[in-house]
Colleague: 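Supplied in structure tokens, the structure appears directly below.
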Amino acid sequence: MAKVTIDGIEVEVPNGSNVLQACEAAGIEVPRFCYHERLSVAGNCRMCLVEIEKAPPKPFASCAYPVNDGMVVHTDTPMVRAARRGVMEFLLINHPLDCPICDQGGECDLQDQAVGYGGDTSRYHENKRAVVNPDLGPLVQTVMTRCIHCTRCIRFSTEIAGVPEMGATARGESMAVGTYVEKALSSELSGNLIDICPVGALTSKPYAFTARPWELKKTDSVDVLDAVGANIRIDSRGAEVLRILPRLNEDVNEEWLADKSRFALDGLKRRRLDTPWVRRSGKLTKTSWPDAFAAIGEKLKGVTGDRIGAVAGDLADAESMLALKDILASLGSNNLDCRQDGAALDASRRDFYTFNTSIAGLEEADAMLLIGTNPRHEAPLINARIRKRSIAGGLKVASIGAPVDLTYKVETIGNSPANIAKLLDGSHAFAEVLSDAKKPVIIVGQGALSHADGAAVLAAAWKLAAQVGALSAEWHGFNVLHSAAARVGALDLGFASGKTLAQMLGGGVDVLWLLGADEFDMSKIGANTFVVYQGHHGDAGAARADVILPGAAYTEKEGTYVNTEGRVQRGELAVFGPGDARPDWKILRAFSSMIDKPLPHDTLEALRARLAVVNPVFDRVDFLPRFGCSDLTGPTGDASALGTTPFQPTIANYYMTDPISRASATMAACTEAHRPATAMAAE
């Protein structure tokens, strides 16, 4: 540790820190544009100037100057103030007077620092330069005349996203930042360029000229469009969600957010269900809540419990799943399933179906095996965390699955479950890499578990983890990567019992309740099966339904969600749903009273108390303890029954995986922009 004195305040900082970090440790603000805690140091903007004693009498860029023991730094001397004013004057030479129309207005680092550290006059009267705005695709709007060449976007795309598409051409006044060849950004994290840009050069294209930040109501919540559970802030005005931004959570998403989670919000107001519907004479007609409930109640009369089933969708909250489970129990049914893809998940033990290493724990791994998963599409933020660990050095990654670009070096072992056997018997060289690692990690994706021999893959993966030392009292290296936000919470609640979804299809039940379930082939439902669809979008499930009950989307209700690592988090209500749409648990509570089997909870607090009774993990909100593994007994399944059929990707189109993103015009534009050239040529 080095002792440094900043403006008379003595602090200790780790050796190798820079002066700017020492200033932050002392609680002293130093202006900056190019420096970012998670990016490499560039030293471009020269705004973070300080004066250092016993050094040449000139200002130093604090971001690029390492600390020394006994160093004395001054951040507010006449020389420093004059130097910063000069730098700001240079930065504003070519910056346009766009503040009244710039989407960055009110959240602009350049505005704030010009007021705080700049002068009130300028000596430059020459014409400002103009720069052509490259088209970066449907998500990021460019006004590059505002660019101050901080290169944050270039470093982010290269270092964090791993897709080095951004760069600078030419030098001096002619320097321009953009893609070398005009094209849509192909990273699933491209929206973060908007957050890290300190000026209005890169802004949100869908949000352009929509609102000012002081007009918006800000609500902290969690994302549900994948299973990572990224912490988000929902910005709304009136009844409309206008913007979704990431919140800082070092254990989950750091300060990043995937593009689908950020930009699919326009799907919240399209194709919405806002009133109950009942199918009469083969045609869906609008009706009232009492009539819809009566139609369901009439159909349930005389139907035995074993002929009733329910399927929970990928976006369902824990409260609504528990309420639905309790209703079916009152009707004598335990036919519940949440595995729309047919994944062979073993719910007998929690660490058989969770991401046990934890997302942050991946940074400790020194060897990794991916089985039947493409984390770049299934969980872009987890993929970014793996890349972060990879570029730090010392991590070897191998994959069993279709070869894809994951933005870091991966050794492809093969594309069928049989390749796991090569690692179990040691015939493949990567088996030795896993065995020699101190903290090996195995990640099993839904593409492996929904395979025909998914149960064997799960058992073999666990056996391999135990064999290579990934399971110990101090380290749990076995992980299941989910792609559905509701899946872990549903398994925690026991929403996988009785008949499976496959057994409920084809006439396996007489009444099938779909709680936002849209991700399976509806044509396989028996022709005489009465279908109740409870959800918020007119998607596949609603088209097949006999009764439609309009629910609330995740931005329109308070809900509990459990992410892929088993972390319990809560989303908050930001806006109210359209028309007659109501939170799902309230719909179920009202229906239970109508059929004279009232649920025992009238309030959300009472329902959450019951959640904790059913499974104590729901009482552990926003906290995830790290566990090792002391019981090496594996999941059910024959680890030797591995087939040779290749794994198939679970996500064909990253931008459309759920009812919200499929209803989004922005996601449709992304799909069009990223269609393979072969598909366009064929058309």
Colleague: Taking atom types as modelled and ignoring hydrogens, do the side chains of Ser261 and Asp223 form a donor-acceptor contact shorter than 3.5 angstrom?
Modeller: yes
Colleague: When you check the gap from the basic side-chain N to the acidic O, do Arg152 and Asp195 get nearer than 4.0 Å?
Modeller: no
Colleague: Can Arg243 be said to sit on top of Tyr207's aromatic six-ring, NZ or CZ under 6.0 Å from centre and within 45° of the ring axis?
Modeller: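 Positive - Arg243 is close enough to the ring of Tyr207 and near enough to its axis.
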Colleague: Between Asp622 and Arg567, does any side-chain N to carboxylate O distance fall below 4.0 Å?
Modeller: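 The answer is no: the pair does not qualify as a salt bridge.
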Colleague: How close do Leu434 and Ala367 get, counting heavy atoms only, and between which atoms?
Modeller: CD2-CB, 4.1 Å
Colleague: Does Asn419 use its side chain to pair, donor to acceptor, with the backbone of Ser416 at less than 3.5 Å?
Modeller: yes
Colleague: Is it true that a side-chain atom of Ser435 and a backbone atom of Ala431 form a donor plus acceptor pair closer than 3.5 Å?
Modeller: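 Side chain of Ser435 to backbone of Ala431: a pair is present.
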Colleague: Stepwise, does the side-chain contact (heavy atoms from CB on, under 4.5 Å) test hold for Thr354 with Val480?
Modeller: CA-CA 5 Å; Thr354 54; Val480 173; over 6 Å; no
Colleague: Give the minimum heavy-atom separation between Arg32 and Leu20, together with the two atoms involved.
Modeller: NH2-CD2, 3.4 Å
Colleague: Take Glu254 and Lys388, measure what salt bridge (Lys or Arg N to Asp or Glu O under 4.0 Å) needs, and give me the verdict at the end.
Modeller: CA-CA 12 Å; Glu254 298 181 295; Lys388 178 181 178 181; 2.6 Å; yes
Colleague: Do Arg339 and Glu519 meet the salt-bridge criterion of a basic N to acidic O distance under 4.0 Å?
Modeller: no
Colleague: Is there side-chain contact between His476 and Asp351, with heavy atoms separated by less than 4.5 Å?
Modeller: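 The answer is yes, as the side chains (C-beta and beyond) meet within the 4.5 Å cut-off.
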Colleague: Can you find a pair of side-chain heavy atoms, one from Val488 and one from Phe355, that are under 4.5 Å apart?
Modeller: no
Colleague: Is the side chain of Arg247 donor-acceptor paired with the backbone N or O of Ser221 at a distance under 3.5 Å, no angle test?
Modeller: yes
Colleague: Report yes or no: does Glu188 contribute a side-chain atom to a donor-acceptor pair with the main-chain N or O of Pro380 at less than 3.5 Å?
Modeller: no
Colleague: Do Glu474 and Lys438 sit within salt-bridge range, that is, some charged N less than 4.0 Å from a carboxylate O?
Modeller: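 A salt bridge is absent here (no side-chain N lies under 4.0 Å from a carboxylate O).
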Colleague: For the pair Glu165 (side chain) and Ser186 (backbone), establish whether a donor and an acceptor sit closer than 3.5 Å, ignoring hydrogens and angles.
Modeller: yes
Colleague: Between CG of Asn44 and SG of Cys150, what distance do you get to the nearest 0.5 Å?
Modeller: 7.5 Å
Colleague: Does atom CG of Asp619 have more than 12 heavy-atom neighbours, drawn from other residues, nucleotides or ligands, at distances under 6.0 Å?
Modeller: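 Atom CG in Asp619 is not crowded, with 12 or fewer foreign heavy atoms closer than 6.0 Å.
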Colleague: Where do Ile371 and Ala461 come nearest, in terms of heavy atoms and distance?
Modeller: CD1-CB, 4.0 Å
Colleague: Show the nearest heavy-atom pair for residues Asp259 and Tyr654, with the distance to one decimal.
Modeller: N-OH, 3.6 Å
Colleague: Testing the 3.5 Å rule here: is there a donor-acceptor pair between the side chains of Tyr408 and Asn383?
Modeller: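 Yes, a side-chain donor-acceptor pair sits under 3.5 Å.
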Colleague: Is there a donor-acceptor pair under 3.5 Å between the side chain of Asn479 and the backbone N or O of Thr357?
Modeller: yes
Colleague: In Å and rounded to the nearest 0.5 Å, what is the CG to OG distance from Leu189 to Ser157?
Modeller: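 So the CG of Leu189 and the OG of Ser157 are separated by 11.0 Å.
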Colleague: Is the shortest distance from a Lys or Arg side-chain nitrogen in Arg389 or Glu363 to a carboxylate oxygen in the other one below 4.0 Å?
Modeller: no
Colleague: Rounded at 0.5 Å granularity, tell me how far CH2 in Trp462 sits from CG in Leu632.
Modeller: 7.0 Å
Colleague: Of all heavy-atom pairs between Cys197 and Leu202, which one has the smallest distance, and what is that distance?
Modeller: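 Answer, listing the atom of Cys197 first, then Leu202: SG-N, 3.6 Å.
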Colleague: Test side-chain hydrogen bond (donor to acceptor under 3.5 Å, both in side chains) on His451 and Gln446 and set out the steps.
Modeller: CA-CA 8 Å; His451 203 256; Gln446 299 305 296; over 6 Å; no
Colleague: At what distance, to the nearest 0.5 angstrom, does CG of Leu139 lie from CG of Leu193?
Modeller: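 Output value for this atom pair is 10.0 Å.
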Colleague: Within a radius of less than 6.0 Å around NZ of Lys396, do more than 12 heavy atoms belonging to other residues, nucleotides or ligands occur?
Modeller: no
Colleague: Please indicate whether Glu572 has more than 12 foreign heavy atoms, meaning atoms of other residues, nucleotides or ligands, lying under 6.0 Å from its CD.
Modeller: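 Buried by this count: over 12 neighbours within 6.0 Å.
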Colleague: What is the minimum heavy-atom distance between Val252 and Glu565, and which atoms define it?
Modeller: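 Nearest pair, atom of Val252 first, then Glu565: CG2-OE2, 3.9 Å.
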Colleague: I'd like to know if the side chain of Thr412 reaches the main chain of Gly414, judged simply by a donor and an acceptor atom lying under 3.5 Å from each other, with no hydrogens or angles considered.
Modeller: no
Colleague: When rounded to the nearest 0.5 angstrom, what is the spacing between CG in Leu225 and CD1 in Ile232?
Modeller: 8.0 Å
Colleague: Does atom NZ of Lys218 have more than 12 heavy-atom neighbours from other groups under 6.0 Å away?
Modeller: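 More than 12 within 6.0 Å, yes.
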Colleague: Below 4.5 Å, heavy atoms only, C-beta onward: do Leu381 and Ile359 meet side chain to side chain?
Modeller: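 Leu381 does not reach Ile359 side chain to side chain.
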Colleague: Does the salt bridge (Lys or Arg N to Asp or Glu O under 4.0 Å) test come out yes or no for Arg487 and Glu378, once each step is laid out?
Modeller: CA-CA 14 Å; Arg487 188 72 55 86; Glu378 296 168 28; over 6 Å; no
Colleague: Start with the C-alpha gap between Trp475 and Phe627, add the side-chain angles, then the distance that decides, and say whether ring-ring contact (aromatic ring centres under 6.0 Å, His included) holds.
Modeller: CA-CA 7 Å; Trp475 178 254; Phe627 295 106; over 10 Å; no
Colleague: Are side-chain heavy atoms of Leu345 and His482 found at a separation under 4.5 Å?
Modeller: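 With C-beta onward as the side chain, the pair touches.
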Colleague: In Å, rounded to the nearest 0.5 Å, how long is the span from CZ of Phe647 to OG of Ser450?
Modeller: 9.0 Å
Colleague: Pair Leu315, Tyr554 - check side-chain contact (heavy atoms from CB on, under 4.5 Å), show working.
Modeller: CA-CA 8 Å; Leu315 308 183; Tyr554 74 103; 5.9 Å; no
Colleague: Is a donor on one side and an acceptor on the other found under 3.5 Å between the side chain of Arg349 and the backbone of Tyr353?
Modeller: no
Colleague: Under the criterion side-chain contact (heavy atoms from CB on, under 4.5 Å), I'd like the reasoning laid out for Val441 against Glu364: C-alpha separation, chi angles, the key distance, then a yes or no.
Modeller: CA-CA 10 Å; Val441 165; Glu364 303 174 29; over 6 Å; no
Colleague: Does this structure show an ion pair linking Arg570 with Asp220, if we count only N-O contacts that are shorter than 4.0 Å?
Modeller: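 No, this pair does not count.
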Colleague: Using atom types as modelled and distance alone, determine if a side-chain donor or acceptor of Thr373 lies under 3.5 Å from a backbone N or O of Leu370.
Modeller: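 Such a contact is absent between Thr373 side chain and Leu370 backbone.
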Colleague: Is any side-chain heavy atom of Val140 closer than 4.5 Å to a side-chain heavy atom of Ser204?
Modeller: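 Answer no - side chains too far apart.
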Colleague: Does the Lys NZ or Arg CZ of Lys260 fall within the cation-pi geometry relative to Tyr655 - under 6.0 Å from the ring centre and within 45° of the axis?
Modeller: no
Colleague: Could you go through Thr650 and Asp341, starting from their C-alpha distance and side-chain angles, then the distance that decides it, and tell me whether this counts as side-chain contact (heavy atoms from CB on, under 4.5 Å)?
Modeller: CA-CA 9 Å; Thr650 56; Asp341 54 4; 5.6 Å; no
Colleague: Using 30° and 60° as the class limits, which term best fits the ring planes of His36 and Trp256: parallel, tilted or perpendicular?
Modeller: parallel
Colleague: Measure from the side-chain N and O atoms of Arg350 to the backbone N and O of Asp492, and report whether any donor-acceptor pair falls under 3.5 Å.
Modeller: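 No; judged by distance alone, with no hydrogens or angles, the pair does not exist.
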Colleague: So Asn253 and Arg385, side-chain hydrogen bond (donor to acceptor under 3.5 Å, both in side chains) or not? Walk me through it.
Modeller: CA-CA 9 Å; Asn253 58 303; Arg385 189 80 74 151; over 6 Å; no
Colleague: Check whether the side chains of Asn231 and Gln569 place a donor and an acceptor atom closer than 3.5 Å, and report yes or no.
Modeller: yes
Colleague: What's the verdict on side-chain hydrogen bond (donor to acceptor under 3.5 Å, both in side chains) for Glu319 and Thr560, showing C-alpha distance, side-chain angles and the deciding distance?
Modeller: CA-CA 7 Å; Glu319 289 87 350; Thr560 302; 2.6 Å; yes
